[in-house]
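Data block below; observations after.
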Amino acid sequence: MHDDLTGLYSRHQLHKELSEWISQADRDKPLSLLLFQIHAYPLWQGQISPLASDRLICEAVRVVMEKKPAQATAYRWDHTKIALLLPDCNGTQALLLEREITEASHSHRLPAALAFPGLEFSLISGSATLPPVNLWQLGEVAEKNLALADTFQNGGYGLTREETTALQRVVSALLRQENPYLSFHASLSAFYAQKLARAAGLSLASQTTLAVSAQLQDVALICIGDTGKHPGPLGMEEYNRLKRHPVQAALLAINLGLSQEIQETIYCHHENYDGQGYPRGLKGEEIPFSGRILGMAGCYAALLLPRPYRQAFKPEAAKKEMKLMSGSNFEPSLVEMFLDNIPNWSSEELELGRFPLIG
């Protein structure tokens with residue numbers, strides 16, 4: 001069953017194949033669903049005729065099909081969306097393919113008849129992977145992530161003028177090291193993130209990405225009032241404000257012209273392996289690999305630093321805490337790799353000897 005306009009399989013055919021797939025022998029292997037949509041499509045519709053809208057959809061299909069892996073199958077999800085179903089594709093691989101296709105869309109040349117001043121053609125995307133997502137929730141989760149991507153690209157999380165000004169002050173303050181806690185935490189996070197990245201075999205470029213992301217991950221904490229000086233655990237209102245800081249920091253990375261990988265790493269550094277993190281509640285391999293690394297490195301660095309309501313942890317005590325968070329906050333295999341590769345420094349070597357330490 002095919003779509004008349006694009007020649008792709010229909011959504012009905014996709015659901016039929018999912019029903020068949022669940023009974024196959026390879027159902028224990030990962031399965032990813034990617035959705036693509038033209039960014040700001042309603043604006044295009046306001047400028048062009050229905051016939052031209054159809055041509056625009058076909059251009060989007062062309063971009064996706066040029067990058068489609070051989071094992072993937074493409075479908076017309078609905079009037080505006082294109083779906084790719086990828087067997088034996090985990091969440092990290094799906095995110096890499098998302099990025100490759102969306103980046104290719106930026107350089108795609110439209111026919112002259114579809115070129116309009118002020119409108120730039122590009123694709124946005126959302127994905128879901130089994131596991132951890134249930135087979136019949138793949139579409140729902142992928143559409144949710146697509147909607148979040150659309151909101152993110154349109155600035156829907158919006159910053160006020162005061163917040164924008166505050167973020168600019170934050171960067172300046174951190175560069176001048178006017179906030180010792182955040183400055184020291186950023187440096188420690190960068191070191192541990194690079195250490196784990198090397199252990200995982202990531203490229204030098206990826207290690208640099210993590211170092212930059214670590215320096216910017218918490219810059220927004222200053223403008224929402226959490227600078228390491230809060231006298232106790234946060235209340236609900238304060239915690240809800242805090243949960244905005246990855247979004248604000250990622251927006252800052254966008255405004256600074258930093259890479260999409262840096263943006264995503266910062267955006268996802270507080271997602272938890274069990275899906276209980278923020279801002280999107282991603283789970284398992286839905287979280288970009290770099291985000292999983294930075295989240296773990298940042299947590300370990302935070303344990304080594306004192307807060308007004310608790311003492312700093314000694315390195316061995318911090319390692320025990322990390323083990324307790326394995327499987328909930330962090331991916332177990334990464335926790336094991338991390339603990340096997342971090343230096344066994346003493347607290348004095350960490351320049352923490354002047355702080356009271358926990359056991």
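Not measured: the values here are computed from a predicted model.
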Give me the ring orientation class for His270 and Tyr278: parallel if the planes are under 30° apart, tilted from 30 to 60°, perpendicular past 60°.
parallel

Give a yes or no on whether Arg198 atom CZ has more than 12 heavy-atom contacts from other residues, nucleotides or ligands under 6.0 Å away.
yes

Going from CD1 on Ile293 to NE2 on His269, what distance comes out if it is rounded to the nearest 0.5 angstrom?
14.5 Å

Closest contact, heavy atoms only, Ser10 versus Tyr75:
O-CD2, 3.4 Å

Just checking, is any N or O donor in the side chain of Ser105 or Ser122 under 3.5 Å from an acceptor N or O on the other one?
no

In terms of heavy-atom contacts, Leu304 and Ala318 come closest through CD2-CB, 4.0 Å

Tell me, do Ile101 and Ser125 make a side-chain contact under 4.5 Å, heavy atoms counted?
no

So, Gln217 versus Ser189: side-chain donor-acceptor pair below 3.5 Å or not?
yes

How would you list, by chain and number, every residue that makes a side chain to side chain donor-acceptor pair (under 3.5 Å) with Tyr273, sequence neighbours excluded?
none

Got a list of side-chain donor-acceptor pairs under 3.5 Å for residues 326-342, not counting sequence neighbours?
from: Ser328; atom 1: OG; to: Met325; atom 2: O; distance (Å): 3.0
from: Glu331; atom 1: OE1; to: Arg292; atom 2: NH1; distance (Å): 2.5
from: Glu331; atom 1: OE2; to: Ser333; atom 2: OG; distance (Å): 3.1
from: Asn341; atom 1: ND2; to: Met337; atom 2: O; distance (Å): 2.7

Using the side chain to side chain donor-acceptor pair (under 3.5 Å) criterion, which residues pair with Ser127? Sequence neighbours excluded.
Glu98

To the nearest 0.5 Å, what is the distance between SG on Cys89 and CG on Leu33?
10.5 Å

Check whether any side-chain heavy atom of Leu196 sits under 4.5 Å from a side-chain heavy atom of Leu210, and report yes or no.
no

If the plane angle is over 60° it's perpendicular, under 30° parallel, otherwise tilted; pick one for Trp77 and His15.
tilted

Heavy atoms only: give me the nearest Arg310-Ala302 pair and the separation to one decimal.
NH2-O, 2.9 Å

Hey, does Arg280 have a side-chain heavy atom less than 4.5 Å from the side chain of Cys268?
yes

Rounded to the nearest 0.5 Å, what's the gap from CG on Leu303 to CD on Glu321? Could you check?
6.0 Å

So do the side chains of Thr265 and Val212 get within less than 4.5 Å of each other, counting heavy atoms only?
no

Asn272 side chain vs Asp274 backbone, donor-acceptor pair below 3.5 Å
no

In this structure, are over 12 heavy atoms from other groups packed under 6.0 Å from Lys283 atom NZ?
no

Contacts of His12 that satisfy ring-ring contact (aromatic ring centres under 6.0 Å, His included) - sequence neighbours left out:
none

Test item: Val63 and Phe36 side chains (from C-beta on) under 4.5 Å apart, heavy atoms
no

ILVMFWY cluster, Leu324 and Met322 together (side-chain gap under 4.5 Å)
no

Without placing hydrogens or testing angles, list every side-chain donor-acceptor pair under 3.5 Å for residues 51-60, not counting sequence neighbours.
from: Ser53; atom 1: OG; to: Ser49; atom 2: O; distance (Å): 3.2
from: Glu59; atom 1: OE1; to: His108; atom 2: NE2; distance (Å): 2.7

Could you tell me whether Phe121 atom CZ has more than 12 heavy atoms of other residues or ligands within 6.0 Å of it?
yes

Would you say the side chain of Tyr300 lies within less than 4.5 Å of the side chain of Pro315, judging by non-hydrogen atoms?
yes

Which distance, rounded to the nearest 0.5 Å, do you find between the CG of Asp88 and the CG of Leu31?
9.5 Å

Find the distance between OG1 (Thr209) and CD1 (Ile262) and round it off to the nearest 0.5 Å.
5.0 Å

Please round to the nearest 0.5 Å and tell me the distance separating atom CD of Gln13 and atom CG of Asp3.
12.5 Å

Heavy atoms, side chains only, cut-off 4.5 Å: are Glu286 and Glu271 in contact?
no

Do side-chain atoms of His185 reach the backbone of Ala301 as a donor and acceptor pair under 3.5 angstrom?
no

Any non-hydrogen side-chain atom of Ser206 less than 4.5 Å from a side-chain atom of Glu261?
yes

For Gln137, give me all partners under side chain to side chain donor-acceptor pair (under 3.5 Å), at least two apart in sequence or on another chain.
none

